[in-house]
Amino acid sequence: EVQLQASGGGLVQAGGSLRLSCAASEFKFDDYSIAWFRQAPGKEHEAVSWFNRRDGTTYYADSVKGRFTISRDNAANILDLQMNSLKPEDTAVYYCAAKKNRVILSAARTPESYEIWGQGTQVTVSS
């Protein structure tokens, strides 16, 4: 079964760090556009970070730029998100998402552009 499994969430104090990982089963990241989203209580999904599959360029939401780093290991089929200098407003359920072939850049931050979603991992940042 094609699926994504996210892990690494937890409770951390403001200013702390967490590293999220997303493992793919039954498909290869090489052939997919992949991204991290998050959803805070009462809010819609927000794109956090994503790759331009055409050239591998990474993109970040303005709210996390300079603090979060996305990386991928195609050989191991793992997508990571290193989160530093965490803030209470980063509290959310974080999801990895994928779509076969390329998501055009203008649609990369739209949840509907992705067809495979992980189950989510909770990140809670205390003040």
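Quick note: residue numbers are just sequence positions, from 1.
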Atom of [X], atom of [Y] and distance for their closest heavy-atom approach:
| X | Y | answer |
| --- | --- | --- |
| R72 | D30 | NH2-N, 4.2 Å |
| S127 | A14 | CA-CB, 4.4 Å |
| V64 | R38 | CG1-NH1, 3.8 Å |
| A61 | A47 | CB-O, 3.4 Å |
| Y32 | A98 | CD2-CB, 4.1 Å |
| C96 | A6 | SG-CB, 4.1 Å |

[atom1]/[X] to [atom2]/[Y] distance, rounded to the nearest 0.5 angstrom?
| X | Y | atom1 | atom2 | answer |
| --- | --- | --- | --- | --- |
| I104 | R54 | CD1 | CZ | 10.5 Å |
| K99 | I34 | NZ | CD1 | 14.0 Å |
| S71 | F51 | OG | CZ | 6.5 Å |
| I78 | F29 | CD1 | CZ | 8.0 Å |
| T69 | L81 | OG1 | CG | 8.0 Å |
| D80 | F68 | CG | CZ | 13.5 Å |

With a 4.5 Å limit on heavy-atom distance, are the side chains of L4 and F27 in contact?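 A side-chain contact exists here, since the closest heavy-atom pair is under 4.5 Å.
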
Could you please spell out the steps behind the side-chain contact (heavy atoms from CB on, under 4.5 Å) verdict for R67 and M83? CA-CA 6 Å; R67 300 187 296 121; M83 306 187 297; over 6 Å; no

Give the ring-plane orientation class for W50 versus Y59, where under 30° counts as parallel, over 60° as perpendicular and anything between as tilted.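 Ring orientation, 0 to 90° scale: parallel.
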
Do N84 and Q82 have a side chain donor and acceptor closer than 3.5 Å?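 Note: N84 and Q82 side chains meet the donor-acceptor criterion.
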
Going by atom types alone, do T124 and Q122 pair a side-chain donor with an acceptor below 3.5 Å?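 Checked: T124/Q122 side chains pair up, N/O donor to acceptor below 3.5 Å.
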
Pairs touching residues 74-103 that satisfy ring-ring contact (aromatic ring centres under 6.0 Å, His included), sequence neighbours left out: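 ring-ring contact (aromatic ring centres under 6.0 Å, His included) check on residues 74-103 returns H45-Y95.
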
Candidate list V48, L20, L79, test side chain to side chain contact (heavy atoms under 4.5 Å, CB included), partner I70, passing option: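 Result for side chain to side chain contact (heavy atoms under 4.5 Å, CB included) with I70: L79.
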
Step through the shown structure and confirm whether more than 12 heavy atoms of other residues, nucleotides or ligands are within 6.0 Å of NZ on K28.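 No, because the 6.0 Å sphere around NZ of K28 holds 12 heavy atoms or fewer from other groups.
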
Considering only NZ, NE, NH1 and NH2 on the basic side and carboxylate oxygens on the acidic side, decide whether K87 and D90 come within less than 4.0 Å.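 Result for this pair is no, no salt bridge flagged.
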
Are V93 and L11 connected in a single hydrophobic cluster, I mean Ile/Leu/Val/Met/Phe/Trp/Tyr linked by side-chain heavy atoms less than 4.5 Å apart?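 As far as the 4.5 Å side-chain criterion goes, V93 and L11 are not connected within one cluster.
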
Are Y60 and Y114 linked, directly or through intermediate hydrophobic residues, by side-chain heavy-atom contacts shorter than 4.5 Å (ILVMFWY only)?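 The answer is no; the residues belong to distinct hydrophobic clusters.
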
Taking S33 for its side chain and V103 for its backbone only, find out whether a donor-acceptor pair lies under 3.5 Å.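 Checked: pair present.
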
